[in-house]
Amino acid sequence: MLLYIIKRLFGSIPVLLVVATIAFLLIHITPGDPARMIRGEYASEESIEQLREQLGLNEPLHIQFVQWLSRAVQGDLGDSLFLHRPVLTAIFERIEPTLTLVAFSFLVAVLIGVPLGVYAATRYNSMLDHTLMTISLLGMSMPSFWLGLNLILIFSVSLGWFAVAGYAPISEGLLGFLRHIFLPAFALGFSQAALVARMTRTSMLEVLRMDYIRTARAKGVKESQVVYKHALRNALIPIITVLGVIITIMFGGAVVIETVFGIPGSGRLIIGSVLRRDYPTIQGAMIVIALACVLINLLVDIIYTWIDPRVSYD
């Protein structure tokens, strides 16, 4: 297993290199002079030239790339042009709300999607099955920001049950934390719960038709044991694959949800950096997100071996 992990990490280097190349070229493919775009049209030539020197834009393109990449490999992603601090520091200062939002959204997707998918599969082609799958289709079609705005209107503005916006860390109290995190987590996780439900249903239907399930039922094994002990465990491989994918999707969706709910996370940092053309921060965020996606996919592959002993990477 250790050898496989090392091979996967080395195999991820080309992916990260492609992302790094795209992130680097981002500042150069934008129309116009990057330094002038950042400083604004009314900036002095001296200020523009100073920024151009700071970003290394006076050097040939290939030298700029080698210098930037060598610093990135060492963990130096440059300094934010507007926050005036290292990019990694700025990202990690905002990472807690984002990780918390993604974690709770993932929990929502699993706790809603998996039980509903199992329930629909065990009642295949019934009215309940069709109803649940119709709801899941609507959930997949519903934009998370639209759902979030309606949740704010109903449960925060009208009923006053939850906070309208902002973020409260759990260290300040569990109740305040839940009042701030529940609605954005539900808005981000609900559409993914619909996807998990459909995948769980499909995978469970395939397993429930297998011979060993019929044999277990013929031997008088309780239906709950047949479904949850035998069928669900063998149906988990494609479900885990989808769960790994939706985590990466949630990191992208968190950018929008944090803006809707006013959460001071890394998503809002990225949005602010795009609006202010803070290219070093945008480049650094792309690298960090790509690295997180690579590690998540590696973790999913490792979980496969825990679920199904037949899966081996030796």
Side-chain angles (χ1 to χ4, degrees), residues 1-30 33-35 37-39 49-99 102-103 244-245 247-252 254-255 258 265-303 313:
M1 175 60 72
L2 181 60
L3 181 60
Y4 170 75
I5 294 175
I6 295 174
K7 287 181 179 179
R8 279 294 304 270
L9 290 175
F10 275 103
S12 301
I13 292 177
V15 176
L16 294 175
L17 186 59
V18 170
V19 174
T21 304
I22 296 174
F24 169 77
L25 292 176
L26 183 68
I27 194 173
H28 296 280
I29 62 178
T30 305
D33 181 4
M37 296 292 290
I38 294 171
R39 286 293 191 226
E49 186 61 32
Q50 182 182 5
L51 179 60
R52 190 179 288 114
E53 185 71 27
Q54 177 184 341
L55 296 177
L57 297 177
N58 294 327
E59 300 288 343
L61 188 61
H62 65 281
I63 294 179
Q64 292 182 42
F65 179 69
V66 171
Q67 292 176 344
W68 178 82
L69 186 61
S70 62
R71 292 195 300 267
V73 170
Q74 299 173 43
D76 180 11
L77 297 176
D79 295 330
S80 172
L81 299 177
F82 290 89
L83 299 178
H84 305 293
R85 66 186 68 183
V87 169
L88 275 181
T89 301
I91 293 175
F92 287 131
E93 284 177 349
R94 303 283 194 94
I95 200 68
E96 181 200 342
T98 300
L99 291 179
V102 171
V245 172
I247 292 179
T248 59
I249 295 175
M250 285 177 176
F251 275 106
V255 175
E258 286 179 4
S266 56
R268 286 190 68 188
L269 174 65
I270 295 172
I271 291 293
S273 300
V274 171
L275 295 177
R276 294 177 298 194
R277 299 183 183 274
D278 190 346
Y279 290 108
T281 304
I282 299 171
Q283 292 170 332
M286 289 179 64
I287 297 296
V288 171
I289 292 173
L291 182 59
C293 293
V294 167
L295 294 178
I296 289 170
N297 288 327
L298 177 60
L299 180 61
V300 168
D301 287 346
I302 295 174
I303 292 175
Y313 299 114

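The shown structure was predicted, so the numbers you read here are calculated from the model rather than taken from an experiment. Heads up: numbering here begins at 1 and tracks the sequence.
- Taking every heavy atom of both residues into account, Ala254 and Val102 meet most closely at CB-CG2, 4.4 Å.
- In this structure, Val19 and Ala290 approach most closely via the heavy-atom pair CG1-CB, 3.7 Å.
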| task | Check the pair Ile270, Thr281 against side-chain contact (heavy atoms from CB on, under 4.5 Å), reporting the backbone distance first and the verdict last. | result | CA-CA 7 Å; Ile270 295 172; Thr281 304; over 6 Å; no

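- Panel note: side chain Thr98, backbone Ser266; a donor-acceptor pair is recorded below 3.5 Å.
- The minimum heavy-atom distance between Ala20 and Leu69, with the atom names listed, is CB-CD1, 4.1 Å.
- Residues Ile296 and Thr248 come closest through the heavy atom pair CD1-CG2, 4.3 Å.
- Across all their heavy atoms, Leu88 and Gly75 have their closest contact at CD1-O, 2.9 Å.
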| said: One pair to check against side-chain contact (heavy atoms from CB on, under 4.5 Å): Leu99 and Phe251. What are the steps and the verdict? | reply: CA-CA 8 Å; Leu99 291 179; Phe251 275 106; 4.0 Å; yes

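- Rounding to the nearest 0.5 Å places CG of Leu291 at 4.5 Å from CG of Leu295.
- The closest donor-acceptor contact from the side chain of Ser70 to the backbone of Val66 lies under 3.5 Å.
- Going from atom CD1 of Ile282 over to atom OG of Ser80 covers 10.0 Å, rounded to the nearest 0.5 Å.
- Every ring pair (Phe, Tyr, Trp, His ring centres under 6.0 Å) that Phe65 has, sequence neighbours left out, goes to Phe24.
- The two residues Gly265 and Pro97 make their nearest non-hydrogen contact at CA-CB, 4.1 Å.
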